[in-house]
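What follows is a single structure, written as structure tokens, with notes after it.
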There are 2 protein chains.
Amino acid sequence: MNLKELSQELGLSQTTVSRALNGYPEVSEATRNRVRLAADKYGYHPNARAKGLATGQSMAIGHVIAKSTSHEMVNPIFGDFISGASEVYAQHGYDMVLSIVNDSDEATAYSNLKAKGTVDGIILHGPHLDDPRIAHLKSLDLPFLVHGRASHEVGDYAWVDVNNRRAFMRATAFLLDLGHRRIALINGLESMDFATRRRDGYLGALQARGIAPDPALMRSAEMTELYGYGSAREMLGWNAPPTAFVVSSMISALGVRRAIEERGLKLGRDISVITHDDDLSYLQNGGEVPIFTATRSSVRLAGRRAATHLLDLIAHPEKPLAHELLEAELMVGQSTGPAPA
Amino acid sequence: MNLKELSQELGLSQTTVSRALNGYPEVSEATRNRVRLAADKYGYHPNARAKGLATGQSMAIGHVIAKSTSHEMVNPIFGDFISGASEVYAQHGYDMVLSIVNDSDEATAYSNLKAKGTVDGIILHGPHLDDPRIAHLKSLDLPFLVHGRASHEVGDYAWVDVNNRRAFMRATAFLLDLGHRRIALINGLESMDFATRRRDGYLGALQARGIAPDPALMRSAEMTELYGYGSAREMLGWNAPPTAFVVSSMISALGVRRAIEERGLKLGRDISVITHDDDLSYLQNGGEVPIFTATRSSVRLAGRRAATHLLDLIAHPEKPLAHELLEAELMVGQSTGPAPA
DNA sequence: AATCATTTCCAAAGCGCTTTGAAGGTCTGT
DNA sequence: ACAGACCTTCAAAGCGCTTTGGAAATGATT
């Protein structure tokens, strides 16, 4: 069933039917209702391609996620982020198109999306400190928003980010307040912007108390369970082991906990752990009292906010670019306690 | 830059340029090269909507994932699955469009995709035992493929699945061979088809040895870490605790391990665990010797296979529907050992 | 009853591409 | 030199929608 058939069925012109359905004022309410009813009855939905061709819009947002052949990892937070974003898209009639590209092809991927007109806007994931993609997207004249920030990028661009620096500063200060002095940082890859900010927060808190950071206590890698386990296991074997850990992800924190328990130590008594918790749907941090003390910030919410801002940017390109900094909550759980004497 | 402009630039008709670019034989190689060069030079890519409108194809595949308001969970395997699928799509010039829908709206979501012509085919995720979506999709005359199967569905449909029954049969038999007699099953939600098959495999192995299953040892729920932990913790407190666990996901297995170690027991000596391992990129099962003995089957591979079959189905609708059953490998790791005397 | 302003509707052009049916050019064989 | 056969190219229609410019119908005003 297409517009032509539907309008014939109704004895109206295509124009009128189209206007009735799209809410234009030039058509009477009586006709509009008649049209709506018929559209429902025949299950009419305008063909998206034809509509897009006529309007110049695709009603779709692109999410390009880069995958290097070296580390083929799809970030585990991705599922929750797009779940949040897609809620918003659905409300506004937008589709979501996903491209997973080798990072070497990423530039051309964006150009193609633009040239082919597949999408009306793009959300950029996982920005690095110095991310050429941002300049490239700007030059394409395609609305985009960054999930995270790129510290070295000078120009303006729309973003939604978590206040990673403050979160990790607070987490570290919280441990310092509990008397901990040797605090390890199990961070994500520090080529990623978010990880650098977290380290800054950690260092800032130490500095505020006049404590010199120990480089041996700072690790940076892809955030797997094994990485958390291996790092903690090694550090706990030292003569002067850390008494607390600040960890960048729940998954790695699970590994840290394993190393702690394997040594016969008790989490929250012998060793304290604070982790960042993205509030992933399949990795809930316990019940009433969270297992881990954590800096929590829902990545699903970030997805919703990012989508909202991007759609707004598309609708109102003249408005100033959105910058939203989400604050993480510091949730006290069972994994922290005073430093052992 | 569009076709019209490009052809004017070249002094050719739109027809010739279009044919040259699409590899039709009616155009000389000399002209074709000239056209290709110019297209490259101007970065010309045909507008996807216009092309789609003309050809009747959208060159996109839809992945609809249902999200009930009760359990808002995005399956953690999803990221890896689509990562695999998108590799194949990219090779064939297809885009991937994602819709995350409330399960109540799922039927209309499919109808809309069909009516709007957004996609040329659909991959169905997470089939239940008795899944009305399959019949519905059939009635829509839209090519589709199911990741998994629906045991109660009688009609034919294309699918790619893991041999869950055999995997869990082998896992259970492996433990039985090691002398274990009280083996717990920490399964996924048994309304899901895959979980039912896994239970069947587990029961089949017990039955083959004439061992009566103990319903108390069988659990079924959403596969979180906490669920694994809670189940194992409780069972290990019993008078007659299980000596081994068969677990449906790595994440839950991490929880089981936690409960074991918390009790001061040693994994692989006091208690054995076999888990199913989807080979997720961010949850690697250890290094040379895996941490967990596991039935491993790469969900990324499943994504690749599913995409391949679906594209094939779209290109050759007359061919018989694809049914591919992937076998899981039984990888021996450090989490299993002979039953304690 | 004639005029004008509204309201309601429509025919047709256009979005950028593919593809049909046909025409102009070039080459063979006689 | 000419018909026939091919190779190469093109104009125009059509995909399903939106939207412009305009016309018909209705109602209000003189």
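Predicted, not measured: the structure shown is a model, and the values here were computed from it. Within every chain, numbering begins at 1; the chains are lettered A, B, ... in the order of the sequence lines, protein sequences first and strands thereafter.
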Task: Divergence of helical axes at both termini of the helix from C:dA1-D:dT30 to C:dT30-D:dA1 - five pairs an end, 10° steps - done: 50°
Open item on the list: For residues 116-128 of chain B, which residue pairs pass the salt bridge (Lys or Arg N to Asp or Glu O under 4.0 Å) check, not counting sequence neighbours?
Closed with: none
Task: Most 5' of A:M1 and A:E26 on DNA chain D, judged by nearest nucleotide - done: A:M1
- [ ] Mind checking ring-ring contact (aromatic ring centres under 6.0 Å, His included) for A:F194 and listing every partner two or more places apart, or none if nothing turns up?
- [x]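 ring-ring contact (aromatic ring centres under 6.0 Å, His included) check on A:F194 returns nothing, list empty.
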Open item on the list: Please enumerate all residues that pass side chain to side chain contact (heavy atoms under 4.5 Å, CB included) together with B:Q14, with sequence neighbours excluded.
Closed with: B:L3, B:K4, B:S7
Task: Working for salt bridge (Lys or Arg N to Asp or Glu O under 4.0 Å), residues B:K41 and B:E9 - done: CA-CA 11 Å; B:K41 178 176 158 197; B:E9 199 72 36; over 6 Å; no
Task: Of A:P25 and B:Y44, the one whose closest DNA chain C nucleotide lies more 5' - done: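 Result: A:P25.
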Task: Side-chain ion pair, A:D193 and A:R149, N-O less than 4.0 Å - done: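 The answer is no: the pair does not qualify as a salt bridge.
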- [ ] For A:Y44 and A:N2, work out which heavy atoms get closest and say how close.
- [x]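 Shortest heavy-atom contact: CE1-C, 3.6 Å.
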Task: Spacing of CD belonging to A:E5 relative to OH belonging to A:Y42, to within rounding of 0.5 Å - done: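 The CD atom of A:E5 sits 10.5 Å away from the OH atom of A:Y42.
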Open item on the list: Students should find this one: the first and last nucleotides of DNA chain D, 5' to 3', lying under 4.0 Å from a heavy atom of chain A. What are they?
Closed with: D:dG16 to D:dG21
- [ ] Measure from CZ on B:R19 to P on C:dA22 and round the result to the nearest Å.
- [x]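 Those two atoms, CZ and P, are 14 Å apart.
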TODO: Could you state the atom-to-atom distance from CG of A:L12 to P of C:dA11 in whole Å?
DONE: 11 Å
side-chain N/O [X] vs [N] OP1/OP2, d < 4.0 Å:
{"X": "A:T31", "N": "C:dC9", "result": "yes"}
{"X": "A:Y24", "N": "C:dT8", "result": "no"}
{"X": "B:T15", "N": "C:dT19", "result": "no"}

- [ ] Using a heavy-atom cut-off of under 4.0 Å over every strand shown, decide if A:T55 touches base, sugar-phosphate, or nothing.
- [x] sugar-phosphate
TODO: With sequence neighbours left out, write down each residue that passes side-chain hydrogen bond (donor to acceptor under 3.5 Å, both in side chains) with A:N33, or none if nothing qualifies.
DONE: none
- [ ] Decide yes or no for A:L321 and A:W159: does some side-chain heavy atom of the first lie under 4.5 Å from some side-chain heavy atom of the second?
- [x]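 Contact flag for A:L321/A:W159 side chains = no.
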